[in-house]
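Here is the structure we will look at, set down as structure tokens.
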Amino acid sequence: MMKILKTIILMVLFVGIVQAKTGVVTGGATYTMLPWFKSSFLELEDDVDEAKQNNKHVLLFFHLAQCPYCEQMVKDFDQQPLKAFIQKHFSVIAINIRGDKEVAINAEYTLSEKELADEIKVGYTPTMVFLNQKNETVMRTNGYRSPAKIRQILGYISSKAYEKLTLQQYIEKTKKVGNYQLQDHAMLQKITDFSAIKTPLAVIFEDKNCDACAYFYSTTLKNKSVKNEFNAFKVVRFDADSTHAIIDNKGNRTTPKEWVQQLKLAYRPGIILFNEGGEIIRIDGFLYPFHFKEALRFVGGDFYKRFATYGAYLAYRQAQLLEQGIDINIK
């Protein structure tokens, strides 16, 4: 009897130890802001005025501690010839999306870094917000971009092409035709009328200049958890240069080329996630599989109805997984 009792006690203790285990996050990156970023008091009107005197634009760099995408973009910023171009044309100001420093948007409106990030709904880091010389936001990008793509964006802003063109139109005018070939995949469906689709829908836009598409097919789509989340969606892929007739989610007759321009989606592969006929979020920057599959889950699992932003959902989700003892590799 005593032997059985001891066994039961040991089993209870073991279960308690197992249950007490919490998961760990791996893949994070320690980095620091570059010394040539502007040391700002975060009074943006003054920063914009100073930049204007030097014929520059202000670039707000929203970042997060341990963010591997931020680390890579900071490294890219510090490599020539990108570094010289940024230093010549931009004043870069770092904003910590969890920070408590006060940011004065203008003389009448001040809020913390964290509140600012929440207000403009920063979902992916790094997020870049560009201010013109009137202290107005003229463009933002969400998530990591390769150096070549960053250079396109910086050229668009520094030349003030935004006064007449969207970024997509600017890229169309200045791009060189690449040689990427669209790939087939079993999950891709052939749908041309989206007006009656009220279930989760993922529309992917690619083109011949898609430098991140190879990773998307070779790595992202081979991840089991990503594939499982895609099961909740109808998935359609278009060549963003196609002029074939389709009907968009609002019932308008259009083409993939016209639709992607209307959506102002310049990133490739750019993915719009719809549900109940409306756009919920978009994946318009590079994501590793963990963040990619959670973006899908945010929409496919209806979590967007419970959380105001993907960022709020992601914080909840990571805490939930860690509490369950599940390790998270964000890279």
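Atom set for the values below is all heavy atoms of this structure, side chains included, hydrogens, waters and symmetry mates excluded.
- The aromatic rings of F238 and F194 stand perpendicular to each other, their planes meeting at an angle above 60°, with 30° marking the opposite boundary.
- Without hydrogens or angle criteria, R268 side chain to L265 main chain gives a donor-acceptor distance under 3.5 Å.
- For the side chain to side chain contact (heavy atoms under 4.5 Å, CB included) criterion with K114, the lone passing option out of D100, V122, I97 is D100.
- Proximity of a side-chain donor or acceptor of R151 to a complementary backbone N or O of P81 within less than 3.5 Å is not detected.
- Nearest approach of A240 to V260, heavy atoms of both residues: O-CG1, 4.0 Å.
- The shortest non-hydrogen separation linking L34 to V74 is CD1-O, 3.6 Å.
- The hydrophobic cluster containing F303 also contains L314, counting ILVMFWY residues as joined when their side-chain heavy atoms lie under 4.5 angstrom apart, directly or transitively.
- Ring geometry for F90 versus H57: interplanar angle of 30 to 60°, hence tilted.
- Between the side chains of T254 and N252, no donor N or O sits under 3.5 Å from an acceptor N or O.
- In the hydrophobic clustering of this structure, Y170 groups with I86; members are Ile, Leu, Val, Met, Phe, Trp, Tyr whose side-chain heavy atoms approach within less than 4.5 Å, directly or through other members.
- Between D211 and K149, the closest side-chain pair of non-hydrogen atoms falls below 4.5 Å.
- Here the CG atom belonging to L182 is positioned 10.0 Å from the OG atom belonging to S242, to the nearest 0.5 angstrom.
- To the nearest 0.5 Å, the span separating OG1 on T220 from OH on Y288 amounts to 10.5 Å.
- Note that OG of S91 is 9.5 Å distant from CG of L59, once rounded to the nearest 0.5 Å.
- Ring-centre distance between F307 and Y316: below the 6.0 Å cut-off.
- Cluster membership check: F130 does not share its hydrophobic cluster with L42, using side-chain heavy-atom separations under 4.5 Å among Ile, Leu, Val, Met, Phe, Trp and Tyr.
- The environment of K38 atom NZ is dense: over 12 non-hydrogen atoms of other residues, nucleotides or ligands sit within 6.0 angstrom.
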Task: Full working for side-chain contact (heavy atoms from CB on, under 4.5 Å) between L60 and L44 - done: CA-CA 10 Å; L60 301 180; L44 298 187; 4.1 Å; yes

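- Atom CZ of R98 is surrounded by 12 or fewer heavy atoms from other residues, nucleotides or ligands within 6.0 Å.
- A perpendicular orientation is assigned to the rings of W259 and F205, their planes being inclined by more than 60° (bins at 30° and 60°).
- K56 places no side-chain N or O within donor-acceptor distance of the main-chain N or O of Q133, the cut-off being under 3.5 Å.
- Residues F292 and I271 are in side-chain contact: their nearest non-hydrogen atoms beyond the backbone lie under 4.5 Å apart.
- In this structure, D207 contributes its side chain and C210 its backbone to a donor-acceptor pair below 3.5 Å.
- We find the NE2-OG1 distance between H244 and T255 to be 10.0 Å, quoted to the nearest 0.5 Å.
- Side chains of E113 and L116 form no contact here, defined as non-hydrogen atoms less than 4.5 Å apart.
- Y124 has its side chain within reach of L287: a pair of non-hydrogen atoms, C-beta onward, lies under 4.5 Å apart.
- When every heavy atom of N275 is checked against every heavy atom of P200, the shortest pair comes out as OD1-N, 3.2 Å.
- Under the 4.5 Å side-chain contact rule for hydrophobic residues, Y267 and V236 do not share a cluster.
- In this structure, the side chains of L111 and E119 come closer than 4.5 Å at one or more pairs of heavy atoms.
- Heavy atoms of other residues, nucleotides or ligands lying less than 6.0 angstrom from NZ of K83 number more than 12.
- Between the side chains of Q66 and T30, at least one donor-acceptor pair of N or O atoms lies under 3.5 Å.
- The aromatic rings of Y69 and H291 sit tilted, their planes meeting at an angle between 30° and 60°.
- The main-chain N or O of L321 is never found under 3.5 Å from a side-chain atom of Q324 such that the two would form a donor-acceptor pair.
- Both V235 and F216 sit in one connected hydrophobic cluster of ILVMFWY residues. Membership requires side-chain heavy atoms under 4.5 Å apart, directly or through other members.
- Looking only at atom types and distance, the side chain of Q168 has no donor-acceptor partner in the side chain of Y156 under 3.5 Å away.
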TODO: Test F62 against C70 for side-chain contact (heavy atoms from CB on, under 4.5 Å), laying out the working first.
DONE: CA-CA 9 Å; F62 288 83; C70 303; over 6 Å; no

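- A pairwise comparison of heavy atoms in K264 and R282 identifies O-NH1, 3.7 Å as the closest pair.
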TODO: Could you go through the side-chain contact (heavy atoms from CB on, under 4.5 Å) check for D248 and R253 one step at a time?
DONE: CA-CA 7 Å; D248 69 17; R253 292 186 176 277; over 6 Å; no

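- Here the side chains of I95 and H63 are not in contact, with every heavy-atom distance at 4.5 Å or above.
- For the pair N249 (side chain) and E279 (backbone), a donor-acceptor distance under 3.5 Å is absent.
- Between G27 and N329, the closest heavy-atom pair is CA-OD1, 3.9 Å.
- Ring geometry for F37 against F61 counts as perpendicular: the plane angle is over 60°, on a 0 to 90° scale with 30° as the lower cut.
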TODO: Could you go through the side-chain contact (heavy atoms from CB on, under 4.5 Å) check for Y310 and I280 one step at a time?
DONE: CA-CA 10 Å; Y310 168 67; I280 306 303; over 6 Å; no

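- The two residues I171 and A266 make their nearest non-hydrogen contact at CD1-CB, 3.9 Å.
- Without hydrogens or angle criteria, K21 side chain to G325 main chain gives a donor-acceptor distance under 3.5 Å.
- Note that OG of S146 and CD of Q72 are 10.5 Å apart. Values are rounded to the nearest 0.5 Å.
- Side-chain contact between N142 and K121: absent, with no pair of heavy atoms (C-beta onward) separated by less than 4.5 Å.
- Although no hydrogens or angles enter the test, the distance criterion places a donor-acceptor pair under 3.5 Å between the side chain of Q80 and the main chain of A84.
- Side-chain contact between I330 and T26 is absent, with no heavy-atom pair separated by less than 4.5 Å.
- Considering CG of D241 and CG of N209, their distance stands at 8.0 Å, rounded to 0.5 Å.
- Shown are N132, N106, L131; of these, the side chain to side chain contact (heavy atoms under 4.5 Å, CB included) with V48 is made only by L131.
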Task: Evaluation steps, salt bridge (Lys or Arg N to Asp or Glu O under 4.0 Å), between R317 and E294 - done: CA-CA 8 Å; R317 177 62 170 161; E294 289 301 333; 3.2 Å; yes

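- The main-chain N or O of I281 is never found under 3.5 Å from a side-chain atom of Y304 such that the two would form a donor-acceptor pair.
- In this structure, N54 places its CG atom where more than 12 heavy-atom neighbours from other residues, nucleotides or ligands lie under 6.0 Å away.
- The aromatic rings of F286 and Y144 sit perpendicular, their planes meeting at an angle over 60°, well past the 30° parallel limit.
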